[in-house]
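Notes to accompany the following structure.
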2 protein chains.
Amino acid sequence: MRIIVADCSAEYTGRLQASLPLAKRVILVKADNSLLIFSELGSYKPLNWLAAPCTVRDITPDRADDDPDTPAPEKIIRASSDKTSDVLEVTFQHIYADDTFELGEDPGLVKDGVEDHLQRYLAEQIERIGEGARLVRREYPTAIGPVDIMAVDAEGTHVAIEIKRHGGIDGVEQLTRYCELLNRDPLLAPVRGIFAAQTISPQARVLAQDRGFECLLLDYDEMRGVEDDSLKLF
Amino acid sequence: MRIIVADCSAEYTGRLQASLPLAKRVILVKADNSLLIFSELGSYKPLNWLAAPCTVRDITPDRADDDPDTPAPEKIIRASSDKTSDVLEVTFQHIYADDTFELGEDPGLVKDGVEDHLQRYLAEQIERIGEGARLVRREYPTAIGPVDIMAVDAEGTHVAIEIKRHGGIDGVEQLTRYCELLNRDPLLAPVRGIFAAQTISPQARVLAQDRGFECLLLDYDEMRGVEDDSLKLF
DNA sequence: GACTTGAGTTGGTTA
DNA sequence: TAACCAAGTCAAGTC
């Protein structure tokens, strides 16, 4: 990892054109030559970058090109994508630091607990969709992809459940496609749809109700708590 | 911007739990205290991070807590979100570098040319949807949001155009909703739908054709070229 | 390898 | 401010 702190400007040409005026910034060049430009602004997204695989060249500015109006840059780095025509060129006016560190391999991030957990918890606490409900299976396969949860309610009616962390319109569309398909199967029809999420946008809620789906808000902490409690019984 | 290079491990607790085993990494702490942990892996996304607004504390490890089995960490940094319960704790075993640079304000990125351009070009070259076509307007307003382009073909039939850089299934669904709505208006009906994009996924193409929509591939460079040429006439 | 879906998404625009 | 939508999205899993 090469770490540069410098007054610099930059030009990106690829899927779009973007330019950075002169300012003091931090530049990271990774082992795979991918290049990131950071300022104090924004979240983790760099102002500008070039993804690997790419080639990085240090260009010493040609003194013959000197324009008397602008000071000669101290250095120019040009990163060119190996697969596309993307180019990111960084022009350095003053370099405060330029250090390289060998980081070596990284064991990587170990994640625990996302949307998959919501699905697992709801499957194990299936009566949250109504008393007497029974789980058929998670990831119930269909021709157009797996339904998150298939269940049967107290009346014996099949229930297809679409689970999202945040429920938006596209989630309702997805559930619509599943229910349309499932209701063509005489062995399953009629199939109710339930749209379950931690949060549901107002538009999605309206659309879901319009389509005849029930909306179910999931409380992650509460569901986790129930699991923890049930574990304590053993 | 504080730049640290160190052997470190990290624990994140928030919307999920995630941990980083001990390895040599680069840590950036921005002016707003947001903290990013990078390795040579991945693209511009850090392995782990904590977004602003947050508070960062340097903790000198308590020597009384020393576990004879594990070496005492040189330093611990705990970043706590000010608004949520997110916490990111970084434990440093060995620090190779720890420098702070004042970057100052950044003028930010100047972008030029994205999906908006596709829309503008197609509006100006509306005969790409068929000879004799005329533009009604861009961002044609409806109750459920603006249609990208509304036009009239040579036969006088209204045409609703949905434009995407990449055309996926959700884009077809969007166009479906618009056309459904527009076709309820006796002053407009019948309304044809055109799904226009630089690339269209096979599934989206099938769905679009199933819904009776025409698919139109847009060549950005060609459309830009036409514009440039027409500008040269003046 | 192409395609689809989720993300601790992030970021911008508009109601 | 909240909701919706695009992103030079990235990344993981599936076909």
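Everything quoted here is computed from the prediction, not taken from an experiment. Below, chains carry the letters A, B, ... as their sequence lines are ordered, and counting in each starts from 1.
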Taking only Watson-Crick and G-U wobble pairs with both distances under 3.5 Å, what dot-bracket line describes DNA chain D, where [ ] shows pairs that cross earlier ones and | shows pairs with another strand? |||||||.|||||||
How would you label the contact of [X] with the nucleic acid (heavy atoms, under 4.0 Å): base, sugar-phosphate, or nothing?
X        : value
A/Tyr12  : base
B/Leu50  : base
B/Ala18  : nothing
A/Gly168 : nothing

Using whole Å, what does the distance between atom [atom2] of nucleotide [N] and atom [atom1] of [X] come to?
X        : N      : atom1 : atom2 : answer
A/His166 : C/dG6  : NE2   : C1'   : 13 Å
B/Leu207 : C/dC3  : CG    : P     : 16 Å
B/Phe38  : D/dC10 : CZ    : C1'   : 13 Å
A/Asp148 : C/dT4  : CG    : C1'   : 14 Å

DNA chain D: A/Gly167 or B/Lys45, which has the more 5' nearest nucleotide?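 Nearer the 5' end of the strand: A/Gly167.
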Salt bridge or not between B/Lys24 and B/Glu40? Use side-chain N to carboxylate O under 4.0 Å.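 Answer for the salt bridge query: no.
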Using a strict cut-off of less than 4.0 Å between a Lys/Arg side-chain nitrogen and an Asp/Glu carboxylate oxygen, indicate whether A/Arg78 and A/Glu11 qualify as a salt bridge.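 No, this pair does not count.
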